[in-house]
Amino acid sequence: MTAILYLASAVAFIVGLKRLGGPRTARSGNRIAALGMLAAIIITLATQGILNWATVAAGLIVGAVLGAWAAIRVKMTAMPQMVAAFNGFGGIASALVASTEIIDGELTGLAAATVVSILVSIVIGSVTFTGSFIAFGKLQGILPGRPIVYPGQQWVNGIIGVGLIVLAIWSGVTGTEAGYWIVGAVALVIGIISVVPIGGADMPVVISLLNSFSGLAASAAGFVIESNPLIIGGALVGAAGLILTFQMTEAMNRSLGNVLFAGFGSDDSTGGGEFSDKPVKRATPEDVAIALGYAESVMIVPGYGLAVAQAQHAVRELADQLEQAGITVHYAIHPVAGRMPGHMNVLLAEADVPYEQLLDLEQADPLFPTTDVVVIVGANDVVNPSARDDPSSPIYGMPILNVDRAGSVIVVKRSLSPGFAGIDNPLFYMENTMMFFADAKEALESSTSALRSL
Amino acid sequence: MTPLVVGITVFVLAAFVGFEVISKVPPTLHTPLMSGANAISGITIIGALAAAGLGATPLARILGFLAVVTATINVVGGFMVTDRMLEMFKSRGDRGGRSK
């Protein structure tokens with residue numbers, strides 16, 4: 001009977017995820033999944049013969065208060081680090097569930113499958129925990145966003161990884177309790193050392209992958225305690241995270257291995273003089289207003305700079321002003337713009353931009369040749385034509401938004417500094433490009449008021 | 001079938017369901033999808049409740065308690081923040097009431 005009730009929860013998760021896939025049904029989908037979770041919690045409390053009610057109640061209350069507080073307080077611009085943090089908590093919870101089996105059980109008598117499940121759950125859960133919090137630190141600006149690399153790093157990480165596997169096998173075979181704890185500790189270290197060398201702009205991949213891991217850790221915990229809802233819920237999330245991971249790496253034209261291990265974007269040697277000595281056309285708010293005011297169609301390309309400057313409302317005000325003048329406005333959103341999949345969409349939704357106005361790469365790209373003005377707000381590598389034209393470029397082959405095919409381009413950017421990939425952007429020096437050097441929010445606001453007085 | 005074989009069967013089938021259900025989600029919804037899925041991975045809470053509620057030794061109860069706290073943060077925070085995000089997603093038709 002209990003199994004049938006749990007099945008209802010699993011069905012709610014599947015229906016919920018399915019509905020999360022459409023803009024009109026998404027909110028109800030999330031609520032259906034949440035109801036499924038509530039049902040699973042009630043079934044567990046009612047049927048498992050809980051003895052330590054005070055411990056359980058205290059845990060639920062503390063967790064609910066902290067979770068709700070974080071969910072209510074977080075700013076939309078900080079959503080990537082929020083999701084990373086929640087991910088990390090889910091991962092460590094699974095590792096803790098598996099580890100209670102070590103204490104309560106007799107380790108030598110366990111079935112091989114249970115031993116493997118315990119170890120897998122502890123390892124993946126722990127890696128997810130520290131990995132997510134390193135990602136959190138990088139996104140929150142507590143840790144430097146650039147990759148932290150040193151010579152021989154991959155060898156050191158590789159040796160620690162092999163050591164973990166050997167230690168896990170030894171602990172499992174001999175049934176040594178201390179070995180399990182050391183495995184957990186080493187896994188925590190591995191979470192740290194594997195995310196530290198990955199740069200900020202690769203976080204969409206990292207967060208997707210850690211999301212997948214938190215699901216796999218839950219599944220492994222499900223094998224430990226022989227619980228189908230855990231296995232099902234975990235497998236669904238594992239699959240979802242993996243799909244997004246590969247969509248992100250595809251959007252960068254890089255392999256998962258390259259994102260995780262190459263220390264991409266750490267090479268500062270390409271910087272220096274070559275960026276500053278070519279002439280660029282500088283724009284004033286009035287120049288921007290004139291260019292936009294006489295356009296018929298405008299495409300806005302947002303990037304991480306929009307999130308940093310919290311300029312989502314300012315960009316919508318500019319768009320409103322243009323639409324009132326009868327100008328068509330769309331937003332072109334590259335899959336890896338921002339710091340997590342869909343980051344820009346959430347920010348623009350917060351600013352009340354209707355989702356029909358948001359175009360993805362495939363929808364937006366054919367429109368550039370007939371677009372009069374493109375406004376780039378805090379994006380760089382995703383509009384770099386050398387990804388298309390220059391086989392020697394490190395980002396060659398990455399699908400880009402071909403903004404250089406539009407009538408004219410306005411780039412709102414704080415300085416001429418190169419983007420994350422550390423490479424120059426020929427777009428900035430083109431004949432029909434104007435550079436507006438300013439904070440994105442101030443630039444957009446001043447352009448909007450210049451447009452009003454036009 | 002042994003519990004292990006049943007478990008593996010369930011896992012593989014669920015993973016395929018996951019791939020099928022999620023592969024066609026538009027990019028606009030990727031962030032809420034991820035945070036909603038993330039909340040679902042908090043299903044580990046039912047293992048945490050059992051561990052905290054049945055733990056025989058003080059250490060087991062402490063670990064169980066921590067598992068309940070972290071899993072609840074994941075579940076409550078994850079679903080709430082997803083709801084907050086999805087509340088903002090509006091189509092052109094829903095936008096009329098805004099003062100401008």
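Small disclaimer: the values here were computed from a predicted structure and weren't measured. Order of the sequence lines fixes the chain letters, A, B, ..., with proteins taken first and strands second; residue numbering starts at 1 for each chain.
Contact count versus chain A (heavy atoms, under 4.5 Å) is highest, among E87(B), E20(B), M80(B), for E87(B). Per-residue counts of heavy-atom pairs under 4.5 Å with chain A were compared for V75(B), L66(B), V21(B), L49(B); the largest is that of L49(B). With respect to chain A, the highest number of heavy-atom pairs below 4.5 Å among I8(B), V25(B), V12(B), I22(B) belongs to I22(B). Most heavy-atom pairs under 4.5 Å with chain A: of the set T82(B), V76(B), V81(B), T70(B), this distinction falls to T70(B). Top candidate by heavy-atom pairs under 4.5 Å with chain A, chosen from I40(B), L63(B), T2(B), is I40(B). Each of G36(B), G18(B), S41(B) has some count of heavy-atom pairs under 4.5 Å with chain A, and the biggest count is that of S41(B).
Only the side chain of E356(A) comes within contact range of chain B, with at least one heavy atom under 4.5 Å from a heavy atom of that chain. Looking at S227(A), the atoms closer than 4.5 Å to chain B (heavy atoms on both sides) all sit in the side chain, from C-beta outward. Looking at A58(A), both its backbone and its side chain come within 4.5 Å of chain B, counting heavy atoms on both sides. Heavy atoms closer than 4.5 Å to chain B are found nowhere in I333(A), neither backbone nor side chain. Both the backbone and the side chain of P27(B) come within less than 4.5 Å of a heavy atom in chain A. In this structure, chain B has no heavy atom under 4.5 Å from any part of P335(A). Residue L242(A) touches chain B through its side chain alone, counting heavy-atom pairs closer than 4.5 Å. Proximity to chain B involves both the backbone and the side chain of I231(A), based on heavy atoms less than 4.5 angstrom apart. For F129(A), no part lies under 4.5 angstrom from a heavy atom of chain B. For I72(A), the parts lying under 4.5 angstrom from a heavy atom of chain B are both the backbone and the side chain. Residue contact with chain B, scored on non-hydrogen atoms closer than 4.5 Å, involves the backbone and the side chain of S208(A) alike. With a 4.5 angstrom heavy-atom cutoff, R73(A) touches chain B only via backbone atoms. Using a 4.5 Å cut-off between heavy atoms, E226(A) touches chain B through its side chain atoms alone.
Going from atom OG1 of T55(A) over to atom CG of L54(B) covers 10.5 Å, rounded to the nearest 0.5 Å. The OG1 atom of T28(B) lies 7.5 Å from the CG atom of D360(A); values are rounded to the nearest 0.5 Å.
Looking at every heavy atom in both residues, T44(B) comes nearest to A93(A) through CG2-CB, 3.6 Å.
Within the 4.5 Å cutoff, the side chain of I46(B) has heavy atoms near those of the P229(A) side chain.
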